[in-house]
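Indexing begins at 1, ligand by ligand and atom by atom, following the structure's order.
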Amino acid sequence: MVRPLMTDTVFLAQKALPADAGDIAVADDLLDTLKAHEDGCVGMAANMIGVNKAIIVFDNDGTPCEMFNPVIVYRKGLYLAEEGCLSLQGQRRARRHRTIKVQWQDRQMQTHVRNFTGWTAQIIQHEIDHCSGILI
Ligand SMILES: CSCC[C@H](NC=O)C(=O)O
């Protein structure tokens, strides 16, 4: 189900609560909502649809991906990016890393660890920031 976008910046500034297997419907709605905004939107966090849980979805070279409770456990290659956000107007600068190692759970609560680079890494960093209540 496509959900309306949350624009309340006080709500969006909250730190997300841990997600669990009871949040699968939220992940499904988040994927549906990302797809509904696919021209222009490459990633979303659950708080952007009004659910304060640590779930992100993103486009990974054309494949929609989801992560529960993502954490960056290693980062290198700091650079300054210019990016937009569906929840805000305009473009802003953000510090990003070219390579990140992320630990997360899938919807069955199985843990994964993987490196991401470049554009996909940038999107994941943006969405993990959302889970910490950080907007660009
Ligand atoms: C470069 S990351 C940009 C992510 C942004 N989505 C909002 O969380 C978007 O424009 O899709």
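In this structure a side-chain-to-backbone donor-acceptor pair under 3.5 Å is present from Thr33 to Arg3.
Within the 4.5 Å cutoff, no side-chain heavy atoms of Phe116 are placed close to those of Lys101.
Set against the non-hydrogen atoms of Cys41, the atoms of ligand 1 under 4.0 Å away are 11 (O). Near Gln122, meaning under 4.0 Å from one of its heavy atoms, ligand 1 places the atoms 1 (C). Annotation for ligand 1: atoms under 4.0 Å from non-hydrogen atoms of Met48 are 7 (C), 8 (O). Atom numbering of ligand 1 starts at 1 in the shown order; those under 4.0 Å from a heavy atom of His130 are 7 (C), 8 (O). Numbered from 1 in the order shown, with element, the atoms of ligand 1 that lie under 4.0 Å from a heavy atom of Gly84 read 3 (C), 5 (C), 10 (O). Each of the following atoms of ligand 1 lies closer than 4.0 Å to a heavy atom of His126: 2 (S), 3 (C), 4 (C), 5 (C), 6 (N), 7 (C), 8 (O).
Taking 4.0 Å as the cut-off between side-chain N and carboxylate O, Arg93 and Glu83 do not count as a salt-bridged pair.
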Please report, to 0.1 Å, the donor-acceptor pairs under 3.5 Å made by any side chain of residues 11-21, with sequence neighbours excluded.
{"residue": "Gln14", "atom": "NE2", "partner": "Phe11", "partner atom": "O", "Å": "3.0"}
{"residue": "Asp20", "atom": "OD1", "partner": "Gly22", "partner atom": "N", "Å": "2.8"}

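Heavy-atom distances between Gly40 and ligand 1 reach below 4.0 Å in at least one pair. For the pair Trp119 and ligand 1, a heavy-atom separation below 4.0 Å is found.
Given atom 6 (N) of ligand 1, the protein heavy atom at minimum distance is Gly43 O, 2.9 Å. If you check which protein heavy atom lies closest to atom 11 (O) of ligand 1, you get Val42 N, 2.7 Å. Looking from atom 4 (C) of ligand 1 to the surrounding protein, the closest heavy atom is Glu127 OE2, 3.4 Å.
Placement of Leu5 and Val2 in two distinct hydrophobic clusters is found when ILVMFWY residues are connected by side-chain heavy-atom separations under 4.5 Å, directly or transitively. In terms of hydrophobic clustering, with Ile, Leu, Val, Met, Phe, Trp and Tyr side chains grouped at heavy-atom distances under 4.5 Å, Met44 and Val102 are assigned to different clusters.
For the pair Arg95 and Tyr79, the cation-pi criterion (under 6.0 Å, within 45° of the ring axis) is not fulfilled.
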Begin from the C-alpha positions of Arg96 and Gln125 and carry the test side chain to side chain contact (heavy atoms under 4.5 Å, CB included) through to its verdict. CA-CA 7 Å; Arg96 300 296 180 215; Gln125 288 169 85; 3.8 Å; yes
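The shortest N/O to N/O separation between Glu83 and ligand 1 does not fall below 3.5 Å.
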